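The shown structure was predicted, so the numbers you read here are calculated from the model rather than taken from an experiment. Sequential numbering from 1 along the given sequence is applied to the chain's residues.
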Amino acid sequence: MSHPRIAVLASGRGSNLQAILDAIASGALRARLAGVFSDRPQAAALHRVPAALRWSAKPASFESRDAYEQALGDAIAASGADWIVCAGYMRILGDALIQRFAGRMLNIHPSLLPRHRGLGTHAAALAAGDAEHGCSVHFVIPELDAGTVIAQARLAIAPGETPERLAQRVLALEHLLLPATLKLAVSGRLAERGGTALVDGQPMFTPLTLDSTNGLAPLPRPIP
Ligand code: GRF
């Protein structure tokens, strides 16, 4: 049986995409990259993969946002993607596109959701005086950064921390959390129903967390 396919949506640098590519290359993530899809043809992320796996189009070159998202959705569907991951995709997705891939579209967000949705999360965590910060992988729903959280990785905010330093430290966690969560997704053990994440068919009431081996815990049984 061939490996499940992952499509990645990215607008910028693509370091999370790289973490996925590295996990695939090392054999830790038994998946194939279906393609990289971008709203910015100049995105560095696109250049991390061969040309045949790149799709990009400027939304402004379409007559409407719906037309752009129809084309994007068609390209994702044509790639045969089983899972779709937004990894630094900087546009808010429309309902039709989200509906089309409901239950198999994930996003990585640099905060401990539900704290600090949207942009500027590192400065927001500092301004709020939070003791902890981190990142979350969640199912995408039409409301921004509001879908069910599947897994999180956290760190303690250090005295004198700056938003830039915090961003770096959280990014390092993102690079572990995203492949670990995708491992669960492509193993066929993750699903979403009625706003609840299910693992092995059982509802998950609190997000999974990264353990010291960079796996997810508590899982009913490990991913082989
Ligand atoms: C990451 O911090 C991600 O959580 C956020 O945008 C950033 C993308 O970084 N949504 P990269 O393009 O993966 O390097």
Side-chain angles (χ1 to χ4, degrees), residues 5-25 29 31 33-50 53-60 65 68-69 72-73 75-76 79 81 83-94 97-98 101 104-125 133-147 149-155 163-183 185 210:
R5 290 168 173 249
I6 298 171
V8 178
L9 274 58
S11 300
R13 148 186 80 176
S15 68
N16 277 291
L17 163 68
Q18 190 63 51
I20 295 170
L21 294 172
D22 292 347
I24 291 174
L29 178 60
L33 186 78
V36 177
F37 300 82
S38 186
D39 57 329
R40 291 181 59 237
Q42 73 278 25
L46 289 165
H47 296 283
R48 295 181 187 268
V49 298
L53 292 177
R54 297 176 200 154
W55 183 94
S56 69
K58 284 193 183 137
R65 168 177 155 177
Y68 165 72
E69 291 202 345
L72 171 61
I76 294 170
S79 75
W83 288 91
I84 300 97
V85 184
C86 301
Y89 184 72
M90 299 310 283
R91 295 179 67 80
I92 294 175
L93 296 169
L97 187 73
I98 293 172
F101 301 109
R104 50 197 186 100
M105 188 177 243
L106 308 178
N107 181 48
I108 181 145
H109 180 76
S111 80
L112 294 174
L113 290 170
R115 292 188 72 69
H116 313 307
R117 293 178 184 170
L119 297 174
T121 57
H122 308 301
H133 187 46
C135 49
S136 306
V137 176
H138 63 93
F139 283 107
V140 176
I141 62 168
E143 192 183 340
L144 186 66
D145 300 329
V149 177
I150 302 155
Q152 295 182 319
R154 54 185 67 232
L155 51 72
E164 294 71 28
R165 172 82 184 123
L166 201 46
Q168 275 179 11
R169 293 175 64 217
V170 170
L171 191 64
L173 287 181
E174 293 182 42
H175 296 162
L176 302 175
L177 184 68
L178 188 54
T181 311
L182 283 169
K183 220 175 138 176
L210 262 199

Can you find a heavy atom in the side chain of [X] that is under 4.5 Å from one in the side chain of [Y]?
{"X": "F139", "Y": "I150", "value": "yes"}
{"X": "N107", "Y": "Y89", "value": "no"}
{"X": "H109", "Y": "V137", "value": "no"}
{"X": "L166", "Y": "H133", "value": "yes"}
{"X": "I20", "Y": "I24", "value": "yes"}
{"X": "L33", "Y": "R5", "value": "no"}
{"X": "H175", "Y": "S15", "value": "yes"}
{"X": "L9", "Y": "S38", "value": "no"}

For the backbone of [Y] and the side chain of [X], can you confirm whether one donor and one acceptor N or O come within less than 3.5 Å of each other?
{"X": "R54", "Y": "L46", "value": "yes"}
{"X": "S111", "Y": "H116", "value": "yes"}
{"X": "S136", "Y": "Q152", "value": "no"}
{"X": "R40", "Y": "S11", "value": "yes"}
{"X": "R13", "Y": "A44", "value": "no"}

(message) Under the criterion side chain to side chain contact (heavy atoms under 4.5 Å, CB included), I'd like the reasoning laid out for V49 against L21: C-alpha separation, chi angles, the key distance, then a yes or no.
(response) CA-CA 9 Å; V49 298; L21 294 172; 3.9 Å; yes

(request) Determine, for Y68 and R91, whether the Lys NZ or Arg CZ falls below 6.0 Å from the six-membered ring centre while staying within 45 degrees of the axis. (result)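 Flagged: R91 positioned over aromatic ring of Y68.
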
(request) With side chain to side chain contact (heavy atoms under 4.5 Å, CB included) as the test, would you mind laying out the steps for V140 and I84 before giving the verdict? (result) CA-CA 10 Å; V140 176; I84 300 97; over 6 Å; no

State, to 0.1 Å, how close [X] and [Y] come at their nearest heavy-atom pair, and which atoms those are.
{"X": "E69", "Y": "I92", "answer": "OE2-O, 3.8 Å"}
{"X": "G134", "Y": "L112", "answer": "N-CG, 3.6 Å"}
{"X": "A151", "Y": "T181", "answer": "CB-OG1, 3.6 Å"}

(request) Would you please test L93 and C86 for side chain to side chain contact (heavy atoms under 4.5 Å, CB included) and show each step? (result) CA-CA 10 Å; L93 296 169; C86 301; 3.8 Å; yes

(request) Please say whether more than 12 non-hydrogen atoms of neighbouring residues, nucleotides or ligands are located less than 6.0 Å from CG in L119. (result)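 Atom CG in L119 is not packed in, count stays at 12 or less.
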
(message) Evaluate R154 against L210 for side chain to side chain contact (heavy atoms under 4.5 Å, CB included), listing each step before the verdict.
(response) CA-CA 8 Å; R154 54 185 67 232; L210 262 199; over 6 Å; no

